[in-house]
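In listed order, ligands and their atoms are each counted from 1.
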Amino acid sequence: MTETTEKDQHRTGYDFVVVANRLAVNRVTASDGSIGWQRSPGGLVTALAPIMSSSGGAWVGWHGAPDETLEPFDHDSMHLHPVPLSEQEVEDFYEGFSNGTLWPLYHDVIARPLFHRHWWDAYKRVNQRFAEATALVAAENATVWVQDYQLQLVPQMLRDIRPDVKIGFFNHIPFPPPGLFAQLPWRHSVMKGLLGADLIGFQRESDAKNFQRAVRARLGFYIKSDRVYVPLEADAAAPLEGFTADPARGTAPRQLSAPAEGTYRGSEATAFPISIDTDRIVELSNDPKIIARAAQIRAELGNPEIIFLGVDRLDYTKGIRHRMKAYEELLQQGKLQVGTHTMVQIASPSREGVESYQRLRDEIELAVGRINGEFDTMGHTAIRYLHHSYPIEEMVALYLAADVMLVTALRDGMNLVAKEYVAARKDGSGVLVLSEFTGAADQLRQALLINPHDIDELKAAIVQAAVLDQEDVRKRMRSLRRQVVSHNVQRWAEEFMHRLHQL
Ligand code: F6P
């Protein structure tokens, strides 16, 4: 990019801009004490990095530290544009509206969503800041891809400032049924914010349909074949200040036919299920050091016959308590035995400033203590619980060590852990027990699918997974692997971008 004034910077800015709550890099301290940046390990960054370096890309996001303003910088062929958040905004925008209101509401109100007007004010303010930062770095006619529920107002806010750019949005979490979404006091503003995008991607078909039904019922817009006909007057009626108050209550009169040519613009709402960097997981699962580490893990656990594994962020959506309840009852009934069976539960720390997460941690640790206290022997443990995050190498070693992977989420946008487990099991062994309430269940049909609320069904699936005939295990895993190998995150990103450019 050449040097320009701020005013005309967008004429020479970046042709592809990703906007996400978090920047694509983490700050790291080297052994000599110097501070540097390291590319984030997640699949999203891995998928987008090649597009970024080939098309002159920039990434706009928060760098993770409150009350700190950083200058834009380049790292690993990416231009990084940090957006500052104050300590108060971390509380109100991130922990508050994003994770205390939207997160529980969008995950079927498993926890009670809290509606606070000052959280909403912070959400609007921070979304506006992201939109302005993006408007500054995007080149004329650039493609901008906004990520996730923390930034749902950015598409329309950006369109108001920069009508020339092409805007995509992807929602990584579920979109709730219209009856639940209706609880949100600012539901109209959120829908209008999203409809600022040319293409709105969801994880599941049902998420896209939920969004379309909410738009039809509340805004009355005409929708056909996933295309929402957004009246141009809606753009004019919703400049940035339009977000300060929600329109009148209730439903809007429904448009029954497509509006006249020239009076609307299209916004497509459709499903694009995300995936993982499959090649990377397969490569790691072939690494002799990681294979040796998997054997070491089994030995350290006392070489049990069956290792059950759970890997989750410590989040109430993941159904960790349901899993433990089922496991505890199976031990009580003697259907599983400590020594022969072991469960490893990795619970990575998450959103520790949010009260519901603090409560969940207490509850889970109480349950683990009780179960281990009752069933452990001197040499063996019932549940090996680890409240840590691990690098991907250790995760793949765990996937290789585990005979059964337990994914019992009560609601999950996708669940990439399920796909990673499948990718790692290249020899066709291993059983996946998978909640039907995950996005992954739409694609991984050969898993043992369960309703985690049904503890008896969950118990039956755990026992079945432990005794499944080897021929059946291999048949199922082969079919699961075909899915995950042919649908990786790179393909997901390409398909989304391809559709966005077609529109
Ligand atoms: O699944 C939604 C998501 O925002 C992911 O993108 C992210 O990895 C995870 O939740 C944890 O998010 P955070 O630590 O930023 O709250």
Side-chain angles (χ1 to χ4, degrees), residues 18-27 39-48 59-66 82-83 85 89-108 110-111 119 122-123 126-127 130 145-152 154 169-176 201-204 207 272-277 311-319 346-358 360-361 387-392 395 407 409-420 435 437-440 489 492-493 496:
V18 175
V19 193
N21 180 45
R22 290 191 188 267
L23 219 48
V25 289
N26 297 321
R27 213 183 315 229
R39 193 200 276 189
S40 309
L44 181 67
V45 181
T46 311
L48 298 182
W59 191 296
V60 176
W62 177 47
H63 50 280
V83 176
L85 292 185
E89 285 167 343
V90 171
E91 217 175 277
D92 295 341
F93 156 76
Y94 171 70
E95 295 175 346
F97 199 77
S98 298
N99 292 314
T101 305
L102 293 173
W103 183 269
L105 183 67
Y106 282 29
H107 287 86
D108 287 358
I110 296 165
W119 285 1
Y123 187 76
V126 171
N127 272 245
F130 273 83
W145 194 357
V146 184
Q147 308 289 328
D148 230 354
Y149 64 105
Q150 302 94 344
L151 302 176
Q152 292 174 102
V154 169
F169 179 92
F170 187 76
N171 196 51
H172 291 252
I173 69 172
F175 195 86
F202 294 92
Q203 298 281 26
R204 305 179 92 163
D207 297 318
F272 286 91
I274 200 170
S275 191
I276 55 163
D277 185 4
V311 175
D312 310 87
R313 269 187 316 103
L314 188 46
D315 195 299
Y316 49 80
T317 58
K318 303 291 183 184
I346 311 288
S348 50
S350 185
R351 303 173 188 165
E352 293 181 288
V354 181
E355 201 196 313
S356 47
Y357 287 74
Q358 294 161 359
L360 175 75
R361 181 173 178 192
H387 183 243
H388 298 297
S389 296
Y390 290 97
I392 188 65
M395 295 312 308
V407 177
L410 307 178
R411 177 56 79 194
D412 208 334
M414 178 51 63
N415 199 288
L416 297 178
V417 162
K419 293 189 174 181
E420 286 181 356
S435 161
F437 302 118
T438 62
V489 72
W492 167 80
F496 187 95

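For the pair S435 (side chain) and A409 (backbone), a donor-acceptor distance under 3.5 Å is present. Side chain of K419 to backbone of D277: no donor-acceptor contact under 3.5 angstrom is found.
Polar contact with ligand 1: absent for H172 (N/O pair, distance under 3.5 Å).
Near Q150, the atoms of ligand 1 lying under 4.0 angstrom from a non-hydrogen atom of the residue are 4 (O).
Within a 4.0 Å radius of atom 8 (O) of ligand 1, the protein has no heavy atom.
What sits closest to atom 2 (C) of ligand 1 on the protein, heavy atoms only, is D148 OD2, 3.5 Å. Looking from atom 13 (P) of ligand 1 to the surrounding protein, the closest heavy atom is Y94 OH, 3.3 Å. Looking only at heavy atoms of the protein, atom 1 (O) of ligand 1 is closest to I173 CG2, 4.0 Å.
Just one of F202, F175, Y149 meets the ring pair (Phe, Tyr, Trp, His ring centres under 6.0 Å) condition when paired with Y106; it is F175. Considering Q147, Q203, Q150 in turn, Q147 is the only one that fulfils the side-chain hydrogen bond (donor to acceptor under 3.5 Å, both in side chains) rule with H172.
Across Q203, R22, R351, M414, heavy-atom proximity to atom 11 (C) of ligand 1 is greatest for R351.
The distance from the CG atom of D412 to the CZ atom of R204 is 9.5 Å, given to the nearest 0.5 Å.
Ring-plane geometry between F496 and F170 is classed as perpendicular, the angle between the planes exceeding 60 degrees on a 0 to 90 degree scale with a lower cut at 30.
A cation-pi arrangement is present between R351 and W103, with the terminal nitrogen or guanidinium carbon under 6.0 Å from the aromatic centre and inside a 45° cone about the axis.
Contact annotation: Q147 has no heavy atom less than 4.0 Å from any atom of ligand 1.
At a heavy-atom cutoff of 4.0 Å, ligand 1 is contacted by no atom of L44, backbone or side chain.
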